[in-house]
Amino acid sequence: MKHLLNPLDFTVEELDSLLKLAGDIKDNPQKYAHACDGKKLATCFYEPSTRTRLSFEAAMLNLGGSVLGFSSADSSSAAKGESVADTIRVISCYADICAIRHPKEGAALVASSHSTIPVINAGDGGHQHPTQTLTDLLTIYSLKKRLGNLKVGFCGDLKFGRTVHSLINALIRYPGMEFVLISPEELRIPGYIREDVLDAHNIPYKEVERLEDALPSLDILYMTRVQRERFFNEEDYIRMKDYYILDKEKMQAAPKDMLVLHPLPRVNEISVEVDSDPRAVYFEQAQYGVYVRMALILTLLGIHVD
């Protein structure tokens with residue numbers, strides 16, 4: 001039995017197979033409409049989510065399966081003090097596969113060690129968000145026609161942004177990658193990513209504070225919001241939240257074929273006037289998330305469709 005707790009749980013070859021399957025699902029949805037008939041997905045979300053939870057549910061419904069679960073800790077027995085380990089033991093009796101989101105790092109790992117069904121990490125604190133990473137990879141692969149030989153700028157909250165940490169870990173396995181890390185001093189990438197991931201693998205990168213300095217040379221700009229829920233101090237959040245705003249004027253400095261990605265939700269770090277720019281692909285990215293989660297469910301359940 002295989003789980004997905006970390007983007008590195010899949011080899012590059014397994015990732016390639018998954019992305020190809022997701023592409024086939026996109027092109028031939030009817031072929032997969034009954035692949036999961038009789039199967040049940042449990043969505044155990046201990047913190048709020050719109051895209052991740054609904055895209056998992058849409059994915060399973062598109063495959064002909066059904067969904068059960070909860071959308072906040074308050075609406076589960078966690079409110080009574082039940083542990084993640086006990087919850088997943090019970091969920092294993094009711095469902096065939098489980099997607100879990102939890103504010104504590106390592107919660108999905110704990111769940112997987114007590115589960116008798118495949119567990120998918122749908123986000124654990126500021127740690128990992130592997131299915132968002134799969135979504136990002138599919139978006140880049142589908143629109144750029146390659147993974148590798150890309151210059152990627154990450155902008156915003158690089159300290160707490162689990163989507164950034166996960167995507168960097170995944171992309172360094174492809175050749176010719178280069179990163180520009182755009183953030184204020186207070187939200188710089190954590191030391192363990194800088195030293196254990198980038199430096200340890202000799203990946204070229206630079207850290208800058210001004211978005212304008214990075215834009216002209218990028219293939220991909222990955223924008224992130226400053227996450228209020230990760231701050232202990234409201235004053236710090238207010239000071240940081242409007243540090244970067246991508247608008248029409250700044251986009252004029254970007255290459256004509258640069259893509260703008262964002263894991264969403266957006267607050268105000270991307271002006272709505274950018275939405276009509278063909279380089280802005282963050283809503284397409286959300287759609288790709290459904291295809292990749294369909295592929296992931298099929299893969300973890302060992303279901304093959306001819």
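Each residue takes its place number in the sequence, starting with 1.
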Practice problem: Before giving the answer on salt bridge (Lys or Arg N to Asp or Glu O under 4.0 Å), spell out for K31 and D24 the whole-Å C-alpha distance, their side-chain angles and the decisive distance to 0.1 Å. | Solution: CA-CA 9 Å; K31 188 166 115 181; D24 192 52; 2.7 Å; yes

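Both L134 and I172 are part of a single hydrophobic cluster, where members link through side-chain heavy atoms under 4.5 Å apart. Side-chain heavy atoms closer than 4.5 Å link hydrophobic residues (I, L, V, M, F, W, Y) into clusters, and following such links, possibly through other members, connects V67 to I120. V305 is connected to L41 through a chain of hydrophobic side-chain contacts under 4.5 Å among Ile, Leu, Val, Met, Phe, Trp and Tyr, so both are in one cluster. The hydrophobic clustering, which links ILVMFWY residues whose side-chain heavy atoms are closer than 4.5 Å, places I88 and M1 apart.
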May I have the list of side-chain donor-acceptor pairs in residues 291-301 shorter than 3.5 Å, sequence neighbours left out?
unit_1	atom_1	unit_2	atom_2	d
Y291	OH	Q287	NE2	3.4
R293	NE	T131	OG1	3.4
R293	NH1	S55	OG	2.8
R293	NH1	G289	O	3.4
R293	NH2	T131	OG1	3.1
T299	OG1	A295	O	2.8

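Ring pair F179/F154: centre-to-centre distance below 6.0 Å.
No hydrogens or angles considered: a donor-acceptor pair under 3.5 Å links the side chains of Y222 and D136. For D9 and N6, the side-chain atoms include no donor-acceptor pair closer than 3.5 Å. Side-chain atoms of Y282 and D275 include a donor-acceptor pair closer than 3.5 Å. Checked by atom type, the side-chain pair T52/R101 shows a donor-acceptor distance below 3.5 Å. The closest side-chain donor-acceptor pair between D199 and Y205 falls under 3.5 angstrom.
A 6.0 Å sphere centred on CD of E195 holds more than 12 heavy atoms belonging to other residues, nucleotides or ligands. Applying the 6.0 Å contact sphere to NZ of K104 captures no more than 12 heavy atoms from other residues, nucleotides or ligands.
When L259, V260, V180 are each tested for a side-chain contact (heavy atoms from CB on, under 4.5 Å) with L218, only one passes: V180.
Remark: K250 does not engage E273 in a salt bridge, criterion side-chain N to carboxylate O under 4.0 Å. Ion pairing of D257 with R279 is absent here, as no side-chain N (NZ or NE/NH1/NH2) approaches a carboxylate O to less than 4.0 Å. Using a 4.0 Å cut-off between charged nitrogen and carboxylate oxygen, E269 and R266 do not count as a salt-bridge pair.
Side-chain contact between E207 and S183 is absent, with no heavy atoms from C-beta onward closer than 4.5 Å. Side-chain contact check for D16 versus T11: every heavy-atom pair is 4.5 Å or farther apart.
Annotation: the span from C155 atom SG to L181 atom CG amounts to 10.5 Å, rounded to 0.5 Å.
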